[in-house]
J.: 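Sharing a structure with you now.
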Protein chains: 2
Amino acid sequence: MNNDELEVLVQFVKHQKRVSAGADINRAAESPKYSTLVLEGIACSYKRLAGGGRQIYSFHYPGDFCDLYRYVLPERDKTIAVQALSDCSVATVDYSDIEQLLAGRPKLAQALWRASVMEASILRQRLSNARRGSALQRVADLLCEQLARHEAIGVCSRHVPLSQVDIADAAGLSIVHVNRTIQTLRNLNVLGKTRQAIEVIDRKELGRIAQFNGRYLNMPQLVSNWTVHMEEAEK
Amino acid sequence: MNNDELEVLVQFVKHQKRVSAGADINRAAESPKYSTLVLEGIACSYKRLAGGGRQIYSFHYPGDFCDLYRYVLPERDKTIAVQALSDCSVATVDYSDIEQLLAGRPKLAQALWRASVMEASILRQRLSNARRGSALQRVADLLCEQLARHEAIGVCSRHVPLSQVDIADAAGLSIVHVNRTIQTLRNLNVLGKTRQAIEVIDRKELGRIAQFNGRYLNMPQLVSNWTVHMEEAEK
DNA sequence: CGTGCTGTTGAGGACGATCAATGACGGTGG
DNA sequence: CCACCGTCATTGATCGTCCTCAACAGCACG
């Protein structure tokens with residue numbers, strides 16, 4: 001996707017708004033006529049489970065559409081909602097505008113398609129871990145993914161701004177066990193020892209533990225990267 | 001996707017061939033210049049694990065492209081391969097042809113996009129089951145998915161033509177435990193007692209056990225259904 | 001100063017992995 | 001036709017990982 005395509009998209013962004021951490025960006029039952037784009041912060045797609053638990057499916061970073069599947073699938077899965085994990089700033093694009101845009105721009109259409117395929121890639125990876133991997137691997141992999149996606153949008157922080165609860169809900173582990181796993185990682189000098197917030201110290205080792213192969217994530221060129229353009233356009 | 005779009009696609013199908021059960025349709029390292037379409041039989045996307053194990057990600061039924069992600073992603077994940085689970089008949093479509101086709105046909109492009117989103121949907125569902133949920137739920141859900149997909153292509157058999165090994169590799173369970181789980185299902189009179197092959201007797205109960213909500217699978221109108229047209233076109 | 005959320009720690013128990021061995025079946029070659 | 005082999009299905013026993021319940025500490029919030 002080149003900048004020309006981008007600029008076009010930017011013109012159709014509407015209704016920018018802020019959402020504070022923990023609040024829902026999309027409720028499960030809603031069927032809005034627009035898609036939502038994350039501009040700032042981190043959001044997640046999740047589903048409420050029978051017991052009240054939360055299953056996190058995917059994370060949405062700045063530059064990601066977080067509910068494009070609703071646009072594509074005629075009968076949406078109405079049980080999936082989107083929640084802000086940190087304070088977020090989001091914008092919306094009307095379906096009708098998307099439709100018009102895609103009509104004459106095969107490259108833009110393919111870019112969005114690609115984003116969906118990437119999401120599937122990440123899901124495959126997570127599924128792979130859900131199975132064979134130990135809790136250590138799963139948590140490590142999750143952290144690697146977060147770092148990779150941070151870098152993809154130009155932020156090279158060693159901080160992972162997720163709570164242990166978030167990690168547990170995404171990895172499919174109990175909070176207690178996530179906590180113990182993180183302590184193990186701390187004892188291995190892979191994570192920092194600060195209680196609040198997770199800080200990655202030895203990233204190489206983290207990748208080794210996770211058997212993380214970032215190749216399935218080749219996002220820098222793909223999904224994100226237009227955030228900057230977005231932000232500029234709004235000023 | 002309407003029939004007009006279909007007919008166009010059919011014209012570009014090349015190199016039909018047969019693959020016998022257990023053989024690879026795509027090897028992991030290959031980077032072919034075409035995409036493969038399943039015409040008959042059941043295939044799966046899988047990855048070889050360190051210990052020699054096999055992790056099955058998704059199943060491909062007649063009418064599915066099984067490696068379209070290779071076309072969309074510039075840097076493919078070269079560790080995923082496709083294998084025939086039963087005797088299959090497959091055809092290929094060259095990338096160059098796909099490109100030409102999509103250029104002027106936004107609806108066709110969207111149909112393929114939709115297929116990717118659906119695959120992500122299925123992966124989400126499987127992920128959901130991966131760690132939450134007992135082995136009983138996981139196996140039951142897997143069987144429900146197979147039945148649903150069979151129906152999606154017009155086959156209403158109560159037969160699931162997968163071996164227990166296949167189920168184990170897809171559900172992320174050991175073969176031994178899958179076997180015991182299936183026996184439990186048999187004792188609940190949900191599955192037939194024949195040793196060879198799996199026969200679903202009480203489908204309602206199976207769905208209840210799996211807490212299966214087929215709504216995430218709305219494929220009848222989407223992915224498949226063009227198989228019949230394909231077959232006719234080849235004669 | 002309570003209330004709530006996140007993080008931490010302990011103990012017990014269940015589920016499923018692993019190892020090992022056997023039976024049933026189909027195919028292949030002698 | 002039968003012996004041999006490989007794959008799939010089955011069963012038993014042991015063991016480890018991770019869940020559950022329960023309680024408490026730190027911190028931010030009103």
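Just so we're on the same page: letters track the sequence lines, and every chain starts at 1. Since this is a predicted model, take the numbers as computed values, not measurements.
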J.: With side chain to side chain donor-acceptor pair (under 3.5 Å) as the rule and sequence neighbours excluded, what pairs involving residues 17-26 of chain A come up?
T.: R18(A)-E40(A), D24(A)-Y46(A), N26(A)-D67(A)

J.: Polar atoms only, N or O, under 3.5 Å: list the protein pairs with nucleotides 23-25 of chain D and their distances.
T.:
none

J.: Taking only residues two or more places apart in sequence, or in another chain, which ones meet R138(A) in a salt bridge (charged side-chain N to carboxylate O under 4.0 Å, His left out)?
T.: none

J.: Apply salt bridge (charged side-chain N to carboxylate O under 4.0 Å, His left out) to R203(B) and list each qualifying residue two or more places apart in sequence or on a separate chain.
T.: E151(B)

J.: Tell me every residue that passes side chain to side chain contact (heavy atoms under 4.5 Å, CB included) with Q55(B), counting only those two or more places apart in sequence or in another chain.
T.: L127(A), S128(A), R131(A), L49(B), Y57(B)

J.: Please encode protein proximity along nucleotides 6-19 of chain D as a string of B, S and -, counting only heavy-atom distances under 4.0 Å.
T.: ---SSBBB----BS

J.: According to the salt bridge (Lys or Arg N to Asp or Glu O under 4.0 Å) rule, which pairs have a member within residues 165-178 of chain A, sequence neighbours left out?
T.: R54(A)-D166(A), R54(A)-D169(A), D169(A)-R132(B)

J.: Holding to salt bridge (charged side-chain N to carboxylate O under 4.0 Å, His left out), I want the full list of residues that pass it with E205(A), two or more places apart in sequence or in another chain.
T.: R208(A)

J.: Hey, does the Lys NZ or Arg CZ of R70(B) hover above the aromatic six-ring of F65(B), less than 6.0 Å from the centre and inside 45° of the axis?
T.: no

J.: In whole angstrom, give the distance that lies between atom CG of L49(B) and atom P of dT18(C).
T.: 11 Å

J.: Quick one: list whatever passes side chain to side chain contact (heavy atoms under 4.5 Å, CB included) with T92(B), sequence neighbours left out.
T.: K14(B), H15(B), Y34(B), T36(B)

J.: Under the salt bridge (Lys or Arg N to Asp or Glu O under 4.0 Å) rule, what pairs show up with a residue in residues 173-183 of chain A, not counting sequence neighbours?
T.: none

J.: Mind checking side chain to side chain contact (heavy atoms under 4.5 Å, CB included) for H177(A) and listing every partner two or more places apart, or none if nothing turns up?
T.: A135(A), S174(A), T181(A)

J.: Compute the bend angle of the helix from dC1(C)-dG30(D) to dG30(C)-dC1(D) from the end axes (five pairs per end), rounded to 10°.
T.: 40°

